[in-house]
*Asks:* 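First the structure, then my questions, so here it is.
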Amino acid sequence: MSTYDPSKIEPRWQKYWLENKTFKTPENKDKPKYYILDMFPYPSGSGLHVGHPEGYTATDILARYKRMKGFNVLHPIGWDAFGLPAEQYAVKTGTHPRETTEKNIKIFREQLQMLGFSYDWDREVDTTDPNYYKWTQWIFLKLFERGLAYESEEPVNWCPELGTVLANEEVIDGKSEVGGFPVIRRPMRQWVLKITAYAERLLEDLEGLDWPESTKEMQRNWIGKSIGAEIDFAVPQHEEKIRVFTTRPDTIFGATYMVLAPEHYLVDVVTTDEQKEEVAKYKEYAEQKSDLERQDLSKQKSGVFTGGYAINPANGKEIPIWIADYVLAHYGTGAIMAVPGEDERDWEFAEQYGLPIVRTVQPPDDFEGTAFTGDGPSINSDFLDGLYITDAKTKIINWLEENGVGKKSVNYKLRDWLFSRQRYWGEPFPIIHVDGEPKPVPEKDLPVTLPDVDDFQPTKTGEPPLARAKNWVETTDPETGKKALRETNTMPQWAGSCWYYLRYISPDFDGGPVDQNEEKYWMPVDLYVGGSEHSVLHLLYARFWHKVLYDCGVVSTKEPFQKLVHQGMILGEVEYTAYEKDGKIISAEEAAKTEGVKRVKLSENDVEKKGERFVMKGTEIMVDSKAHKMSKSRGNVINPDDVVEKYGADSLRLYEMFMGPLEQVKPWSTKGVEGVNRFLNRTWRLFFGENKEEKINISEDNPSSEQLKVLHEAIKKVTEDIENMRFNTAISALMIFVNEANSWENVPRSVAEPFLILLSPFAPHIAEEIWNRLGHKQSLAHEDWPQFKEEFLVEESVEIPVQVNGKVRANITVPADKQKDKEFVIGLAKQQKNIIRYLDKTTIIKEIFVPGRIVNLVVK
RNA sequence: GCGAGAGUGGCGGAAUUGGUAGACGCGCCAGAUUUAGGAUCUGGUACUUUAACCGGUGUGGGGGUUCGAGUCCCCCCUCUCGUACCA
């Protein structure tokens, strides 16, 4: 083998690493630890796409680097293997999901190994393994014991197409997140987790986390804390009072009507006989609207008068009670006091139905809008008049509390977590029903394993597939011997991924989900890398479970993931598109406004840049230039297997890191892969030369100061860049080294070897191969990371730009030991031919001198 | 609407604390090698002016601070992502 051939060297090292357990997590605890985690992959049937290796390569570089820096590194991988696709495949083909899952895991594992990731394969976990889900069930029992898991008969998001209910977080625009099927609301008995009990802590503890600000903000918004007041409105002739939640109790004097959600439990109480029919009609109308329709029709408000009245406790006035679906049953108390003067939604509604509007905050003179939501002095508000919002709030809340009609109150948007699914391929609940009451399965009887069934289809009535396993469902209560029925719902896919990072710490431990001695050493996760699509769902659920486990004394940290980074999506190659209408090409701008246009794909050679836009070559016709999301339908999916086959895993890893900053969205470019592949070829030639035999081009000479300088520049840059996860510029520094070194007569071993170590986290196969050919018997994975030494960077002379009035007019070369000598440097600067020209007939009014950096002469 | 982030060559992207804008890679141009193509190597490549030097203009647009601004401040435009009747 005389040329660089990744297909030969890569499998060899992959095999070596596996057989020698090169990346086994150390057992001793005498070094600092580093826990570096990838988000739990779902082993889908279609295998890896190029998005996976992006985050995985980033973490792998860090893991390999940290090992060489003297850390004990925990870098595991496993499978979030419960889930719908395997089950749907089972419904279609009758293949047991376990079979499909096992097959897919095998493919995934092989693909990951093919990319040379340094996982500790002895710690692989699989959520579908009974030894794993035993502890998922155990944690559920903890939740149950603490009153954080309860059954509830509530309207839920039922998706007929998927045959299951979905969590609010899984419903997007009224459709299922998975598959995009319509979702309707329907009451069913469900398990619910009381995540709301942790709302405040989930919010507060975001503070100390090193997470992207946008992700923290999304979680804050999702939790949606708002501070205000609950106020009771009496209803004449009725016992019940209507309680509302408002963030603007200061505007109560402007509450000219009330609105209840159509589902509110007092609607029928307050409705008068005359309005009964109309109210019933509206309720039915609102009920039938799906969430999607509610949003579509949001521009036009609707509602009906109930005929009833309530008393505004602030001024004793009677105000009409309406129902309208712009008030949501599940937020606050499901009822509002409407203050049209100060709230845009109420204003719109009041205007539509001719309800009175009273302003309670004085808008500025030039205010021209409708409702005024800004700050200002209170008006029309009796004892609040003149007070600004903050003071008015304090005063009215005191007044409400004194008069027993209201109190300060905090409200959260966050709702309890709907935790059951009508599916087969999920964790069974460790719950039996005795006399209709739920009862935990004793800990010693865990795990409750999945029974086999012959049909994976949910029943039309919404009975889960597990209900078909009669012998399994019908059991006896081990305590009383009574007949009992097992819970037939299963847990959602989130369950297993809520705590997997703990199982990696002690995957074989059988005394609990995690060995606490190990947990104290390894937690928290130091770096967690994964897609931003999990910003709310997984990351909020996992934080919730972690806090519960903290309260149970199972874990020692309040938060699981100290630092979080999202890798950006990789888009397809840039595409140029022209638009055709009736056989004629029209501009992209026109096409956007025209019906029935045909898209024509152009090659890069057909277009050119003109001003801000791309046009067809030689014309003025504008075309679109855009990188699109990879999708099967668009046919722009890049398959990592193909890239590895053609260029090797090292090239794929290197390219994905070289594309740009990790967090950024970026388009794929096959030409770019060729570029980094060329770099690896040049690297190979640096060691083995042009000669066809395998002669090593390395000398045992002492390095020159120039060679040391080039090496140490690389060490400095690569080290700093890895620490800051700037992999693209680290690779650039490696390229600069190779470009320089290729011009040398020979490469001294003492320069070549440190370089190989710098290269190895990025392109581990080629680095190991060359290392080995340099005569080393052992992997370089545990070598020491080279130490950067400032002394080698010292230049003999430095170049300093000379500016006149802020513009560079000359460059001067100054001996290094003179670079801080102001007089010398400025003196030299003034002798430059081009500088003399600019100084002619002027007066220097200021001389700026930044040692070693710049000279600026300000003249007049 | 609201929230967050981003606008730099033909393209992906570099630029410590304000101090030579365009590192590195792609593409393109020229040359070497080759029967030819590919691969490889060498050099060039922001725009503009020039034979060349010397200049001029340039980091979405406008203003400001500064000896000096891609970087700091104010206003505006565009794009991406998230979110949406949350009282």
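Naming convention: chains lettered A, B, ... in sequence-line order (proteins, then strands); numbering from 1 in each chain. Quantities reported herein were computed from a predicted structural model and do not represent experimental measurements.
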*Asks:* Give none if B/A87 has no partner; otherwise give the nucleotide forming a Watson-Crick or G-U wobble pair with it, both distances under 3.5 Å.
*Replies:* none
*Asks:* Mind calculating the distance between OH (A/Tyr647) and P (B/C26) to the nearest angstrom?
*Replies:*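 These atoms are roughly 12 Å apart.
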*Asks:* Pick base, sugar-phosphate or nothing for A/Val850, based on heavy-atom distances below 4.0 Å to the nucleic acid.
*Replies:* base
*Asks:* How long is the line joining CD1 of A/Ile835 and P of B/U20, in whole Å?
*Replies:* 15 Å
*Asks:* Pairing check on B/G38: which nucleotide meets the Watson-Crick or G-U wobble criteria with it, both distances under 3.5 Å?
*Replies:*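 B/G38 is unpaired by these criteria.
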*Asks:* Using a 4.0 Å heavy-atom cut-off, does A/Lys413 contact any base of the nucleic acid, only the sugar-phosphate backbone, or nothing at all?
*Replies:* base
*Asks:* So what does A/Phe737 touch, heavy atoms closer than 4.0 Å: a base, only the sugar-phosphate, or nothing?
*Replies:*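 The residue A/Phe737 makes no contact with any strand.
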*Asks:* Which of parallel (below 30°), tilted (30 to 60°) and perpendicular (above 60°) describes A/Phe788 and A/His712?
*Replies:* tilted
*Asks:* Under the side chain to side chain contact (heavy atoms under 4.5 Å, CB included) test, which residues partner A/Glu533, sequence neighbours left out?
*Replies:*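 Listed in chain order: nothing, the list is empty.
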*Asks:* Please say whether more than 12 non-hydrogen atoms of neighbouring residues, nucleotides or ligands are located less than 6.0 Å from NZ in A/Lys646.
*Replies:* no
*Asks:* Using a 4.0 Å heavy-atom cut-off, does A/Ser226 contact any base of the nucleic acid, only the sugar-phosphate backbone, or nothing at all?
*Replies:*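 It contacts sugar-phosphate atoms only.
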*Asks:* So, applying side-chain contact (heavy atoms from CB on, under 4.5 Å) with A/Leu828, which one of A/Asp821, A/Val802, A/Thr813, A/Ile812 is it?
*Replies:* A/Ile812
*Asks:* State plainly whether the residues A/Arg243 and A/Asp232 are in salt-bridge range, i.e. N to O under 4.0 Å.
*Replies:*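 A salt bridge links A/Arg243 with A/Asp232.
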*Asks:* So, under a plain 3.5 Å distance rule, would you say the side chain of A/Arg809 forms a donor-acceptor pair with the base of B/U20?
*Replies:* no
*Asks:* Assign A/Val665 to base, sugar-phosphate, or nothing according to its heavy-atom contacts below 4.0 angstrom with the strands shown.
*Replies:*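 Sugar-phosphate contact only - A/Val665 comes under 4.0 Å of backbone atoms but never of a base.
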*Asks:* Separation of A/His264 atom NE2 from B/A87 atom P, in whole Å?
*Replies:* 16 Å
*Asks:* Taking the P atom in each of B/C2 and B/U20, what is the distance between them to the nearest angstrom?
*Replies:* 39 Å
*Asks:* Using whole Å, report how far CE of A/Met659 lies from C1' of B/G13.
*Replies:* 11 Å
*Asks:* Is the closest side-chain donor-acceptor distance between A/Glu575 and A/Ser625 under 3.5 Å?
*Replies:* no
*Asks:* With rounding to the closest Å, how many angstrom separate the C1' atoms on B/A23 and B/G9?
*Replies:* 14 Å
*Asks:* I want to check one thing: is the phosphate of B/U20, taken as OP1 and OP2, less than 4.0 Å away from some side-chain N or O of A/Gln803?
*Replies:* no
*Asks:* So, OP1 or OP2 of B/C26: does either fall under 4.0 Å of a side-chain N or O from A/Arg678?
*Replies:* yes
*Asks:* Suppose you measure atom C1' in B/G13 against the same atom in B/A21; what distance do you get, rounded to whole Å?
*Replies:* 13 Å
*Asks:* Would you say A/Asn739 places a side-chain N or O within less than 4.0 Å of OP1 or OP2 belonging to B/G25?
*Replies:*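 Yes, because at least one side-chain N or O of A/Asn739 sits under 4.0 Å from OP1 or OP2 of B/G25.
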*Asks:* Within this structure, what is the CH2-to-P distance between A/Trp668 and B/C11, rounded to whole angstrom?
*Replies:* 21 Å
*Asks:* Establish, with yes or no, whether the OP1 or OP2 oxygen of B/G55 is under 4.0 angstrom from a side-chain nitrogen or oxygen of A/Tyr838.
*Replies:*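 It does, given that an N or O in the side chain of A/Tyr838 lies less than 4.0 Å from OP1 or OP2 of B/G55.
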*Asks:* Write down the distance between CD (A/Glu713) and C1' (B/A23), rounded to a whole number of angstrom.
*Replies:*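 It is 12 Å, rounded to the nearest whole Å.
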*Asks:* So A/Pro212, base contact, sugar-phosphate only, or nothing? Heavy-atom distance under 4.0 Å.
*Replies:* nothing
*Asks:* Across all strands shown, which nucleotide pairs with B/A23 by Watson-Crick or G-U wobble geometry, both distances under 3.5 Å?
*Replies:*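 The answer is none; no pair meets the criterion.
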*Asks:* Could one point to a donor on the side chain of A/Lys671 or the base of B/C11 with an acceptor on the other under 3.5 Å away?
*Replies:* no
*Asks:* So if I take every side-chain heavy atom of A/Glu217 and compare against B/G10, B/G3, B/C41, which nucleotide ends up nearest?
*Replies:*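 My answer, after comparing the listed nucleotides, is B/G3.
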*Asks:* Under 4.0 Å from any atom of RNA chain B, heavy atoms only: list the residues of residues 718-734 of chain A that qualify, in numerical order.
*Replies:*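 Of all residues in residues 718-734 of chain A, the ones placing a heavy atom under 4.0 Å from RNA chain B are A/Asn728, A/Thr729, A/Ser732.
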*Asks:* Whether A/Glu713 and A/Lys717 form a salt bridge (side-chain N of Lys/Arg under 4.0 Å from carboxylate O of Asp/Glu) is what I want to check.
*Replies:*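 Between A/Glu713 and A/Lys717 there is no salt bridge, as every charged N stays at least 4.0 Å from the carboxylate O atoms.
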*Asks:* For a quick check of understanding: with a heavy-atom distance under 4.0 Å over all strands, which category does A/Asn411 fall into, base, sugar-phosphate or nothing?
*Replies:* nothing
*Asks:* Rounded to whole angstrom units, what separation is found between the CG atom of A/Leu206 and the P atom of B/G3?
*Replies:* 19 Å
*Asks:* When all nucleic acid strands are considered with a 4.0 Å heavy-atom cut-off, which category describes A/Thr246: base, sugar-phosphate, or nothing?
*Replies:* sugar-phosphate
*Asks:* Once you apply a heavy-atom cut-off of 4.0 Å, does A/Asn681 come out as touching a base, just sugar-phosphate, or nothing?
*Replies:* nothing
*Asks:* Under a 3.5 Å limit for both distances, which nucleotide forms a Watson-Crick or G-U wobble pair with B/C53, could you say?
*Replies:*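 By the stated definition (distances under 3.5 Å), nothing pairs with B/C53.
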*Asks:* Using only side-chain N and O atoms of A/Arg682, determine if any of them is under 4.0 Å from OP1 or OP2 of B/G25.
*Replies:*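 It does, given that an N or O in the side chain of A/Arg682 lies less than 4.0 Å from OP1 or OP2 of B/G25.
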*Asks:* Looking at A/Lys629, does any N or O in its side chain come under 4.0 Å of the phosphate oxygens OP1/OP2 on B/C81?
*Replies:* no
*Asks:* Give a yes or no on whether the backbone of A/Val339 and the side-chain of A/Tyr257 come within a donor-acceptor separation of less than 3.5 Å.
*Replies:* no
*Asks:* With A/Lys301, which of A/Glu344, A/Glu351, A/Glu348 fulfils salt bridge (charged side-chain N to carboxylate O under 4.0 Å, His left out)?
*Replies:* A/Glu348
*Asks:* Charged N to carboxylate O below 4.0 Å: is that the case for A/Glu847 and A/Lys822?
*Replies:* no
*Asks:* In chain order, what residues pass the side chain to side chain contact (heavy atoms under 4.5 Å, CB included) check against A/Lys820, with sequence neighbours excluded?
*Replies:* A/Pro851
*Asks:* Which nucleotide, B/C41, B/G55, B/C11, lies nearest any side-chain atom of A/Asn834?
*Replies:*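 The closest nucleotide is B/G55.
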*Asks:* Is there a Watson-Crick or G-U wobble partner for B/G3 with both distances under 3.5 Å, and which nucleotide is it?
*Replies:* B/C81
*Asks:* Using Watson-Crick or G-U wobble geometry with both distances below 3.5 Å, tell me the partner of B/C72, or none.
*Replies:* B/G64
*Asks:* Distance check: side-chain N/O of A/Arg837 vs OP1/OP2 of B/G55, anything under 4.0 Å?
*Replies:* yes
*Asks:* Using the C1' atom on both, measure B/G58 against B/A51 and round to a whole Å.
*Replies:* 25 Å
*Asks:* For nucleotides B/G10 and B/U65, find the distance between their P atoms and express it as a whole number of Å.
*Replies:*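 To the nearest whole Å, 32 Å.
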*Asks:* Taking NE2 from A/His628 and C1' from B/C79, how many angstroms apart are they, rounded to a whole number?
*Replies:*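 It is 14 Å, rounded to the nearest whole Å.
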*Asks:* Need one value for A/Ile336: base, sugar-phosphate or nothing, where a base atom within 4.0 Å counts as base even if backbone is also close, heavy atoms only.
*Replies:* base
*Asks:* Checking base pairs now: Watson-Crick or wobble, both atom distances under 3.5 Å. What partners B/G43?
*Replies:*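 The base-pairing partner of B/G43, which may sit in any strand shown, is B/C29.
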*Asks:* Which label fits B/G9, syn or anti, where anti is any glycosidic angle not within 90° of 0?
*Replies:* syn
